[in-house]
There are 2 protein chains.
Amino acid sequence: MQKSRPKAITAAEFKLQKDSADIAPVPVLERSAAQRKVLDAALKLFSDVGYFNTSIPDIVRASKVSTGSIYHHFGDKTGIASALFEQITGDLQAALDDIEIAHITTGGRCRAIIELMFEITERSPATMEFMLYAKHKEFLPAHAPICSSAPMTRMRDFVALGIERGEIRVIDPTIAAALIYGPAIRLLQLRLDGIIERPLFELLDELWDSSWRSLRAKAG
Amino acid sequence: MQKSRPKAITAAEFKLQKDSADIAPVPVLERSAAQRKVLDAALKLFSDVGYFNTSIPDIVRASKVSTGSIYHHFGDKTGIASALFEQITGDLQAALDDIEIAHITTGGRCRAIIELMFEITERSPATMEFMLYAKHKEFLPAHAPICSSAPMTRMRDFVALGIERGEIRVIDPTIAAALIYGPAIRLLQLRLDGIIERPLFELLDELWDSSWRSLRAKAG
DNA sequence: GTCTATATCCAGATAGAC
DNA sequence: GTCTATCTGGATATAGAC
């Protein structure tokens, strides 16, 4: 079972890369070196074998941080998942802020969001897998479903605004959001599952043309 | 955390309902009463709290079948998940057969498939959840990823055929399939997560018009 | 804050009578 | 085929020195 998918980068690296582009970074979750080691190892393990197939001893081995330290920092095992969740959704929020500023049209924003999702998938599949498959009911009892998380509602809000503004034709906003993001999410799942072998970027233009064609108000 | 979603029917009932419409049913996985009780209980528990949060003693309590009998029939815990997987994908295959016969046009077939997915979601959310979230890596090691399962490839084949036939405009078949099924799957996930409160059927026409509009070759 | 050693519990799985 | 009683390993989590 060889994986021919791109080498994962860690959540920490993904965040770093983002920050380096910022002039005045938003107050960010500060993490000690040990905490980062644990989160990096955990993200990789959760992605490779799943949350429940990952034991604390596994994380101890992979992170080279002791059991005691892990419990000191994260309280319990779900604390690790929570910390990852907050890290990732926080980064995503920041990225959406950037997109909102950099693009004024709804079409531009939605396309940039899809590009962002593709980019995360290619650069850090483990991060995308965590977002897609983080089942609140199973190991994030303190959190709402990922579909109602801040970044997701934000994405829907962009679409709803586009309808108000008349950039998108009159249509149920929920359906519009599904038409915009649904195909992209589907492709990215197929990519993560190894069904698609090409980098997602190669599919972006054709995907976007078709998605947007069915929704834009007139010419756009 | 009140769930206002439709009452679940069991996989067994879903299959039964299907069979009752058949004249000459395909050879089907025969299951004893005890086996059905176990599978019904397990499907519900897996959906409610997740596979890993469900213990064998939980299933014993819910199914009123003893530990010994469960192991006798299913070998081990993954055997229960496997049996569910085969049951559900088998039923789905049969339903796709019916659709292939009942509809000749690609548009008709794809629309019927989406309708089927919506119907399963409404009638047996647990079944749909199992299909969507059954992570082969985590608890179905013997199975390929769900995306490459027979029903899923079949769905993509319908689309590819539509392109060959000239019913769908010339476009990458993978993208075409994502454009057709992606929005529907997205809506159904939102429904399962409680974000959408209306039955999916009410969204079908508007969804389909938009999806198909971006793909049909000319007028359709 | 970090570590090792250890306690406790309960999961998955088996044995063997009926 | 079904059941009860039981084994055993390894998981989460803690204690307490440094």
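Because only heavy atoms are used, hydrogens play no part in the values below, and waters and symmetry mates are left out as well, while side chains stay in. Proteins get letters first, then strands, A, B, ... in listed order; numbering begins at 1 in each.
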Let me know which of A:Arg186, A:Met152, A:Met155 forms a side chain to side chain contact (heavy atoms under 4.5 Å, CB included) with A:Tyr181. A:Met155
Let me know, please, whether A:Tyr51 or B:His72 comes out on the 5' side of the other along DNA chain D by nearest nucleotide. B:His72
Counting the atoms with a prime plus P, OP1 and OP2 as sugar-phosphate, which does A:Ser32 contact under 4.0 Å by heavy atoms, base, sugar-phosphate, or nothing? nothing
I need the minimum non-hydrogen distance between B:Arg191 and B:Glu197, along with the two atoms involved. NH1-O, 3.1 Å
Under 4.0 Å, heavy atoms only, any strand: does A:Thr54 hit a base, just the sugar-phosphate, or nothing? sugar-phosphate
Testing C:dG12, D:dA13, D:dG1 for proximity to the side chain of A:Tyr71, the answer is D:dA13
With the threshold set at 4.0 Å, does a side-chain nitrogen-carboxylate oxygen contact exist between B:Asp205 and B:Arg111? yes
Distance in angstrom units between B:Ile56 CD1 and D:dA5 C1', rounded: 17 Å
Selection from C:dC3, D:dT12, C:dG1 that lies nearest to any side-chain heavy atom of A:His73: C:dG1
Ignoring the backbone of A:Ser66, work out which of C:dA11, C:dC3, D:dA13 is nearest its side chain. C:dC3
Roughly how many Å is it from CZ in B:Arg36 to P in D:dG1, rounded to a whole number? 13 Å
Touch check for A:Pro57, heavy atoms < 4.0 angstrom, all strands: base, sugar-phosphate only, or nothing? base
Sorted by position of nearest nucleotide on DNA chain D, 5' first, the leading residue of A:Gly68 and A:Ser55 is A:Ser55
Between P on D:dT12 and CZ on A:Arg61, what's the gap in Å once rounded to a whole number? 11 Å
Nearest to the side chain of A:Ala34, heavy atoms from C-beta on, is which of C:dT2, D:dA13, C:dA13? C:dT2
Measure NZ/B:Lys64 against P/D:dG1 and give the value in whole Å, please. 22 Å
Is a donor on one side and an acceptor on the other found under 3.5 Å between the side chain of A:Asp58 and the backbone of A:Ser55? yes
B:Ser69 near the nucleic acid: base, sugar-phosphate alone, or nothing, with a heavy-atom cut-off under 4.0 Å? base
